[in-house]
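Before any comments, here is the structure.
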Amino acid sequence: MKMTEAPGVNFIQEAVREDLAAGRYTKVITRFPPEPNGYLHIGHAKAICIDFGIAEEFGGLCNLRFDDTNPTKEEQHYIDAIQDGVRWLGFDWGDRLYYASDYFAQMYEWAIQLIRDGKAYVDDQTADEIRENRGTLTEPGKPSPYRDRGVEENLDLFERMQAGEFPNGSRVLRARIDMASPNLNMRDPVMYRILAVPHHRTGDRWKIYPMYDWAHGLEDSIERVSHSLCSIEFQDHRPLYDWFLEQLGIFHPRQIEFARLELEHTVLSKRKLIQLVSGNYVGGWDDPRLPTLAGLRRRGYTPASIRNFCDRIGVSKAHSVVEFALLEHCLRDDLNKTAPRTMAVMRPLKLVLTNYPEGKVEELEADVNPEDPSAGRRKIPFSRELWIEQDDFREDPPKKFYRLSPGREVRLKYAYYITCNEVVKDPGTGEVTELRCMYDPETRGGWVPGGRKVKGTSHWVSAAHAARAEFRLYDRLFTRPNPDEDGQFLSNLNPQSLEKISGFIEAGLAGAPAGARYQFERLGYFCVDPDSSPEAMAFNRSVSLKDTWARIESNLKL
RNA sequence: UGGGGCGUCGUCAAGCGGUAAGACACAGGUCUUUGGAACCUGCAUUCGGAGGUUCGAAUCCUCCCGCCCCAGCCA
């Protein structure tokens, strides 16, 4: 890594810095405010990194606040899962765990204040009427017939809304702002709706629930949040956010918006993710092909790699779609330094060393991680019959193919030089079923005293010692970079996004705990899936190693 | 066509009037018991377009073009 990288100050850091310098705020408080109605995904990870990152950078604090203002969609188990996800990502909110629902009483008081000031009114129009009278993008809205109701009547009606006297949806409380505003959000937005349904935290205490625009700024204000960071679609809501705070004359946080993350070949909208899960297009919220935190975690992504990714994509207001390759790079970068190496064969081809004594077993030594000498060495059993990768042999090798072929000598990693003498085929299909080779006893460990070089090195496992294992190979979930480009994202699913194959692992790996990560040499990074057992190990391929040969070969074909 | 926002390399993204950072990707090379990693080299005479201001413009002004968001009693 070069040290020429600029300090990198994004526009939010700049704004916070200025606010502090100007004395507008004395302490930086941010918040991550998920609604507990779904699972966290990598887009949330970006927001989490920004929210907690800004707080930390300026010596402040970040609140974890559940924005639980809509009991029809929210559930306790989402609250648990979200906390688990934030913690896993590596962030700590300490004792700053808050709920919007804890502020409902205060919000109610403030609503009464606005009614008294003539700045809010109860509207008896139906939802359809409200929509029709809101006007359009080019035409102003029409005032509600109830807009000029007297203060006492509004007060009475509002109290009775909360008392449960009216059916759901029959009335709303609206802010009295400007029905002709070019910003639709300012055309007398709804503050409360009647929703006599039990809330997962407040039970049946409330018959009315606050809307986002009314509630969010108040929540921020109550918590003395200095900088309320959110995504770009809330820009149009900022005038309203500010309006409520001004009318109430309470502590006024600053809302700053940034572009949300989009990733190629996947979807990050709650709605689409739900469709994938409930339609059984994937195995669940933690399907390793999903960009959910649970999915990435099961796939083998490390928290550090995701944080690093969020760091590298930067923060701006420009609509951006990041290539998947960057996320993969961040994972490889992390795992290369930390993952223990081991050998596994995904697509086995039998190899017999004809001059190696039958029944003999040697213990050979190998690095656990060549990038990290402190990781030590490990022992691997070697014997006469081995499994190697089918891809490592070509009967008729193309140009630049350095691996094994008839008459050619290659190295078995950490073991011996071998030469292929005979190719055994299935007489029926012509398929290569076995390679018969000779090893050079002088090359033990994979070195040759004189310096005779060999161009290829293959990984292998001893047939007598290896354990069977399942490998789950994942590919992009969608074939198109922008899956919903045609509005038909479900029809753009990649039918080859999951391939399960059976191969061999070093025996010592059986029994490795779920979540354990390894590099299978020359193949990629894998992690133990939770549905493994010592007798039936299953490994998820987190990401492959870069494959130069595959690139050369595909360039040759072009 | 109302309002808001955004347009700098294939993808992100610095740049804040003084003569286009960096990362990923890609291409070539060195090295190598992972065709991995590491290392080296190359990769925007140009910043959506056109005018203008200026000794000097990606940065300032004007007009134009394109993309995104907003008409939930969702957040």
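First the proteins, then the strands, lettered A, B, ... as listed; each starts at 1.
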Please list, chain by chain and in numerical order, all residues satisfying ring pair (Phe, Tyr, Trp, His ring centres under 6.0 Å) with A:Phe158, sequence neighbours excluded.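 With sequence neighbours excluded, A:Phe158 shows a ring pair (Phe, Tyr, Trp, His ring centres under 6.0 Å) to A:Tyr108, A:Tyr192, given in chain and number order.
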Run the ring pair (Phe, Tyr, Trp, His ring centres under 6.0 Å) test against A:Tyr416 and tell me which residues pass, sequence neighbours left out.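 Applying ring pair (Phe, Tyr, Trp, His ring centres under 6.0 Å) to A:Tyr416 gives A:Phe382, A:Tyr439.
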So [X], base contact, sugar-phosphate only, or nothing? Heavy-atom distance under 4.0 Å.
| X | value |
| --- | --- |
| A:Gln519 | base |
| A:Ala318 | sugar-phosphate |
| A:Arg238 | nothing |

Knowing that exactly one of A:Arg522, A:Lys413, A:Glu521, A:Arg411 qualifies, which makes a side chain to side chain donor-acceptor pair (under 3.5 Å) with A:Thr457?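 The single option meeting the side chain to side chain donor-acceptor pair (under 3.5 Å) with A:Thr457 is A:Arg411.
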Does any nucleotide pair with [N] by Watson-Crick or G-U wobble geometry, both distances under 3.5 Å, and what is it?
| N | value |
| --- | --- |
| B:U34 | none |
| B:C26 | B:G42 |
| B:C67 | B:G5 |
| B:A58 | none |

Mind calculating the distance between [atom1] ([X]) and [atom2] ([N]) to the nearest angstrom?
| X | N | atom1 | atom2 | answer |
| --- | --- | --- | --- | --- |
| A:Glu262 | B:C67 | CD | P | 16 Å |
| A:Asn336 | B:A38 | CG | C1' | 9 Å |
| A:Met191 | B:C74 | CE | P | 15 Å |

Flag if over 12 foreign heavy atoms under 6.0 Å of NZ, A:Lys142: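 Incorrect, the count does not exceed 12.
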Sorted by number, the residues of residues 30-39 of chain A with heavy-atom contact under 4.0 Å to RNA chain B: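 The answer is A:Glu35.
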Which residues in residues 167-183 of chain A have a heavy atom closer than 4.0 Å to any atom of RNA chain B?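 Those residues whose heavy atoms fall under 4.0 Å from RNA chain B, taken from residues 167-183 of chain A in numerical order, are A:Gly169, A:Val172, A:Pro182.
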If only side-chain N and O atoms count, and only distance matters, is there a donor-acceptor pair under 3.5 Å linking A:His459 with A:Glu389?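 Short answer, yes.
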Looking just at side-chain N and O atoms, do A:Tyr121 and A:Asp188 make a donor-acceptor pair shorter than 3.5 Å?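 A:Asp188 and A:Tyr121 do have a side-chain donor-acceptor pair below 3.5 Å.
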Begin with the C-alpha distance, continue with both residues' side-chain angles, and end with the deciding distance and a verdict on side chain to side chain contact (heavy atoms under 4.5 Å, CB included) for A:Leu353 and A:Leu351. CA-CA 7 Å; A:Leu353 265 12; A:Leu351 187 152; 3.4 Å; yes
From C-beta outward on A:Met211, which listed nucleotide comes closest to its side chain: B:G5, B:U32, B:C73?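 Nucleotide nearest to A:Met211's side chain: B:C73.
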Checking A:Phe234 now: which residues fulfil side-chain contact (heavy atoms from CB on, under 4.5 Å) with it, not counting sequence neighbours?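 A:Phe234 satisfies side-chain contact (heavy atoms from CB on, under 4.5 Å) with A:Tyr212, A:Cys230, A:Ser231, A:His237, A:Gln255 once adjacent residues are dropped.
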List the residues meeting side-chain contact (heavy atoms from CB on, under 4.5 Å) with A:Asn336, not counting sequence neighbours, and say none if there are none.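 Residues passing side-chain contact (heavy atoms from CB on, under 4.5 Å) with A:Asn336: A:Arg341, A:Glu371, A:Tyr525.
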Tell me whether A:Trp549 is stacked on the nucleobase of B:G35, counting only the six-membered base ring and applying the 5.5 Å and 30° thresholds.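 Stacked: centres under 5.5 Å apart, planes under 30°.
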